[in-house]
2 protein chains.
Amino acid sequence: MAVNLDDVDWAIIDQLQQEARISISELGRRVSLSASATTERVRQLEALGIITGYRAVIDLTKVGYQVLAVVRLKYPGNRHQPLHRLLAERREILECLRTTGDDCYTLKVAATSMAHLEALMDELAGFGSTTTSIVYSQTLPYRGPERP
Amino acid sequence: MAVNLDDVDWAIIDQLQQEARISISELGRRVSLSASATTERVRQLEALGIITGYRAVIDLTKVGYQVLAVVRLKYPGNRHQPLHRLLAERREILECLRTTGDDCYTLKVAATSMAHLEALMDELAGFGSTTTSIVYSQTLPYRGPERP
DNA sequence: TGTGAAATTGCTTGGTG
DNA sequence: CACCAAGCAATTTCACA
């Protein structure tokens, strides 16, 4: 499943992880490749599923989500469909990881207020026992991987 | 700190959260605006700090990080500099949130193998007691916020 | 795979409603 | 604020190494 990538591939990945909207020709300049060769490399990285997409990063506070929380959910049994349905509906749930350990799921949830968070927690509590931690600050905002 | 955004702003945000590399004219078509007006809107969203950047999303497994873990760190005392130094150095730490509750920090860590993860955990254990959960799957890969 | 040249398309800027 | 038009870049395609 893992793929062999050379220095140029990694240079491209690094650049696009930092500034995904630079032009192909600018990217080519930075990695010392012609525009057409750069296009081909990027196309390959996309086709191989190494680059899975490009996303704008939004400031949650500025768009109205003043509360960010990490929720751990202890989910008894193995009927996961209802939870998946909730994840699809409630767009306030930004991320959901299934993990080992006592808490089966770790979710990241954005809310506009504590009241809003409370309502979301009531929904989640229907699935199992929850542990909620409010996020003070993103000590390290998400960054992508570098060459192993 | 929060900002007032109209429908067009949100349409732009939605599009760029999904496909950050589309051209300005394509974006303009999708939100029914001319290219120059679209450029101006996007510039404003960036200048206001609502859009904080654009990032390529990389498949961790395919580039060699077979293990993803969520680590909760109980950090006694309040000397946070050493931890911040580690976060800057160890690029395997992809994210770090400071939270309320017993565990002061929640980290997301990528490793190439269990041995690699073990070494990372030894480093983190120097800061306090840790609780580690291996991620089975991203039930919901990260997505951005929608209009509140 | 990478390059270079030509045709197409997209971007930017200044002037206008 | 948004549109239009013109001049300038960037993108794509193709023949060639």
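Sequence lines set the chain letters: A, B, ... in the order given, protein chains first and strands last, and positions in each chain run from 1. Both backbone and side-chain heavy atoms feed into the values below; hydrogens, waters and symmetry mates do not. Given the structure is predicted, the values throughout are model-derived calculations rather than measurements.
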**Item:** Linked, directly or transitively: A:L48 and A:V31 (ILVMFWY side chains, under 4.5 Å)
**Value:** yes
With a 3.5 Å cut-off and no angle check, do the side chains of B:R55 and A:Q17 form a donor-acceptor pair? no
Whole-Å distance, A:D7 CG to C:dT1 C1', equals 16 Å
To the nearest angstrom, the CZ-P distance between B:R30 and C:dG10 comes to 12 Å
Between CD1 of B:I12 and C1' of D:dA2 the distance, given in whole Å, is 12 Å
Rounded to 10°, the angle between the first-five-pair and last-five-pair axes of the helix from C:dT1-D:dA17 to C:dG17-D:dC1 is 40°
CG of A:L87 to CD of A:E92, rounded to nearest 0.5 Å, is 11.5 Å
Considering only heavy side-chain atoms of B:S36, the closest of D:dA10, C:dT13, C:dT3 is C:dT13
Which of C:dC11, D:dA2, C:dT3 is nearest the side chain of B:A37? It is D:dA2
In whole angstroms, the gap separating C1' of D:dA9 from CD1 of B:I24 amounts to 15 Å
Rounded to whole Å, the CZ-C1' distance (A:R21 to D:dA10) equals 13 Å
In whole angstroms, the gap separating C1' of D:dA2 from CG of B:D9 amounts to 14 Å
Note to self: Centroid separation under 6.0 Å, is that true for the rings of B:Y54 and A:Y54?
What the structure shows: no
B:R41 atom CZ is separated from D:dC1 atom P, nearest whole Å, by 7 Å
With distance as the sole test, does A:Y65 use its side chain to make a donor-acceptor pair with the main-chain N or O of B:E146 at under 3.5 Å? yes
Out of D:dT13, D:dA10, D:dA2, minimum distance to the side chain of A:R43 belongs to D:dT13
Which of D:dA10, C:dT3, C:dG10 is nearest the side chain of A:S34? It is C:dT3
Worksheet item: What do you reckon, are the aromatic ring centroids of B:H80 and B:F127 less than 6.0 Å apart?
Response: no
Ranking C:dT3, C:dT12, C:dG10 by distance to the side chain of B:S25, first place goes to C:dG10
Rounded to whole Å, the CD-P distance (B:E26 to D:dT11) equals 15 Å
Out of C:dT12, C:dT3, C:dG10, minimum distance to the side chain of B:A35 belongs to C:dT12
| field | A:T99 and A:R72, any side-chain heavy atoms less than 4.5 Å apart | value | no
